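Here the structure is a predicted model, which is why all the values come from computation and not from measurement. Residue numbers start from 1 in every chain, and the chains themselves are labelled A, B, ... in the order their sequence lines are given, proteins ahead of strands.
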2 protein chains.
Amino acid sequence: MQHYIDKIKKLIENFDDATLKALTEISYTKTFSKGDYLLKADSICDKSFWVENGILRKYYAYNDKEITTEFYFKDDLAMSFDSYTQQKPSREYIQALTEVTVNITDYSSFQIEKLKHRQLQELDFFMTEYYALWLEEKVFELHTQNATERYQTILTKSPHIIQQVQLTQIASYLNVSLETLSRIRAKI
Amino acid sequence: MQHYIDKIKKLIENFDDATLKALTEISYTKTFSKGDYLLKADSICDKSFWVENGILRKYYAYNDKEITTEFYFKDDLAMSFDSYTQQKPSREYIQALTEVTVNITDYSSFQIEKLKHRQLQELDFFMTEYYALWLEEKVFELHTQNATERYQTILTKSPHIIQQVQLTQIASYLNVSLETLSRIRAKI
DNA sequence: ACATTTCATTGACCTTTGCGAATAAAATTT
DNA sequence: AAATTTTATTCGCAAAGGTCAATGAAATGT
């Protein structure tokens, strides 16, 4: 996957001036406090959030529980994918876990600029492809690993998550109960 | 999701003549017998398979078991996504479950034609977006539904799978053992 | 700094699901 | 059509993980 992230980074570094200018003109930076919502369920995700610093999480509420679907750190792009791509109400929330600064790009502005700038089309395509690869890996892990193995995977592949996020949220992300996660940690 | 499939169908119906011609020229039709492999693990998925009729499945081997990741019916596009997009060895197999006729497009030819035909870029983009949406839904179901509910979901959303595919394969697709699936079916 | 609330750990118990083996039913092969 | 192989069902048992409840530890608010 690293290979893929590099590919995207390189694409951005090589943006021509016109593309960069267009992107800059339709984007703005905003800071949120810990606990703030960047997106709420039932509203349409008409913005994407490029994390400059701080941590976000995306989750949905199901049976009185919160199920975390993704964490976002510096240089990650946060959005509710199905709400964003189809411009329909979101079932997910996006919330600041710390004080967060994000660079915001409006959906409709981006769609307009995409028509004019091939490199933005490429960016959009690669980001989508990358998300699909990430999801495929997630499904693979859910099919092949038990709770302990999933925890070990996140420990080695995403230690920054373990270090900076509450266990309650990590538990739902790994699809185990908080109690089970606590026992797994006690054993290892 | 149906909305999305329609969007893709409409795009294809509206292909201009040049696009259609290009696509036709780089594609060919081939028939496989039941049991044949269209793709084997460790080889690179350098083709995509558009199912004209028959059924395919994609799976990987893990701990002496076969875990089915997808079934393909008429008008579905089969490939190993990570192998295809990154042109690296596949961990998945694609196999014919019945006699199957597919329309095959070579990866490299498609990449070349994509440069010339905007509508092929759009097709590629929408197909990727659709796959990501499909995967997101799959992860959602794995997180929120138990074995019985997942079976009921496939029963209502994809009855054609239940009718035409072996339970062993459906079980691994739903991430339950064959025995559990059998008990679920006995209860309902 | 203290009080309150939230979060994490631990234990007892229960439910779901997996596994091995036996059997039955289907599908294939000869 | 009979024999063989593959697939599906059912059972008993074991393991993994969930739930409820109590307690301890951290974080937050005043």
Enumerate all atom pairs, one protein N or O and one N or O from nucleotides 25-30 of chain D, separated by less than 3.5 Å.
from, atom 1, to, atom 2, distance (Å)
D/dT28, OP1, A/Lys34, NZ, 2.6

Study note, to complete from the structure: Considering only heavy side-chain atoms of B/Leu167, the closest of D/dT19, D/dT10, D/dT9 is D/dT9
**Study point:** pair A/Val102-A/Thr29: side-chain heavy atoms closer than 4.5 Å
**Key:** no
Exercise for review: Look at A/Lys116 together with A/Glu113 and state whether they make a salt bridge at an N to O cut-off of under 4.0 Å.
Suggested key: yes
Review point. Taking everything shown except A/Lys7 itself, do over 12 heavy atoms lie less than 6.0 Å from its NZ?
Key: yes
Review point. With distance as the sole criterion, do the side chain of B/Arg183 and the base of D/dG12 form a donor-acceptor contact below 3.5 Å?
Key: yes
Review point. Salt-bridged, B/Glu122 to B/Lys114, with N to O below 4.0 Å?
Key: no
Practice item. Output yes when at least one side-chain N/O atom of A/Ser177 is less than 4.0 Å from OP1 or OP2 of D/dG18, else no. Key: yes
Revision key, fill the gap. Chain A vs DNA chain C, heavy-atom contacts under 4.0 Å, first-to-last nucleotide span, 5' to 3', is C/dC7 to C/dA12
**Study point:** Nearest-Å distance for atom pair CZ/P, residues B/Arg185 and D/dT10
**Key:** 10 Å
Exercise for review: May I ask you to establish whether A/Lys65 and A/Tyr62 are in a cation-pi arrangement, using a distance under 6.0 Å from NZ or CZ to the six-membered ring centre and at most 45° from the ring axis?
Suggested key: no
Practice item. Could you label the plane-to-plane angle of the B/Tyr59 and B/Tyr37 rings as parallel, tilted or perpendicular, counting under 30° as parallel and over 60° as perpendicular? Key: tilted
Point to revise | B/Arg91 vs A/Glu137, salt bridge (charged side-chain N to carboxylate O under 4.0 Å, His left out): CA-CA, chis, key distance, verdict | key: CA-CA 12 Å; B/Arg91 63 179 167 198; A/Glu137 185 63 21; 3.0 Å; yes
Point to revise | B/Asp17 atom CG, over 12 foreign heavy atoms within 6.0 Å | key: no
Review point. So what does A/Ser182 hit on the nucleic acid, given a heavy-atom distance under 4.0 Å: a base, only sugar-phosphate, or nothing?
Key: base
Study note, to complete from the structure: To the nearest 0.5 Å, atom CD of B/Gln169 lies from atom CG of B/Leu181 at 12.0 Å
Review point. So what does B/Glu179 hit on the nucleic acid, given a heavy-atom distance under 4.0 Å: a base, only sugar-phosphate, or nothing?
Key: base
Practice item. Starting from P on D/dA16, measure out to OH on A/Tyr151 and report it in whole angstrom. Key: 19 Å
Review point. Which whole-number value in Å describes the distance from B/Lys187 NZ to D/dC11 P?
Key: 13 Å
Review point. Touch check for B/Leu178, heavy atoms < 4.0 angstrom, all strands: base, sugar-phosphate only, or nothing?
Key: base
Review point. Which of residues 56-66 of chain A sit near DNA chain D, with a heavy atom under 4.0 Å from it?
Key: A/Lys65
Practice item. Supply the atom-to-atom distance A/Lys40 NZ to A/Ser80 OG, rounded to the nearest 0.5 angstrom. Key: 15.5 Å
Exercise for review: Before giving the answer on ring-ring contact (aromatic ring centres under 6.0 Å, His included), spell out for B/Tyr60 and A/Phe140 the whole-Å C-alpha distance, their side-chain angles and the decisive distance to 0.1 Å.
Suggested key: CA-CA 10 Å; B/Tyr60 54 83; A/Phe140 181 80; 4.8 Å; yes
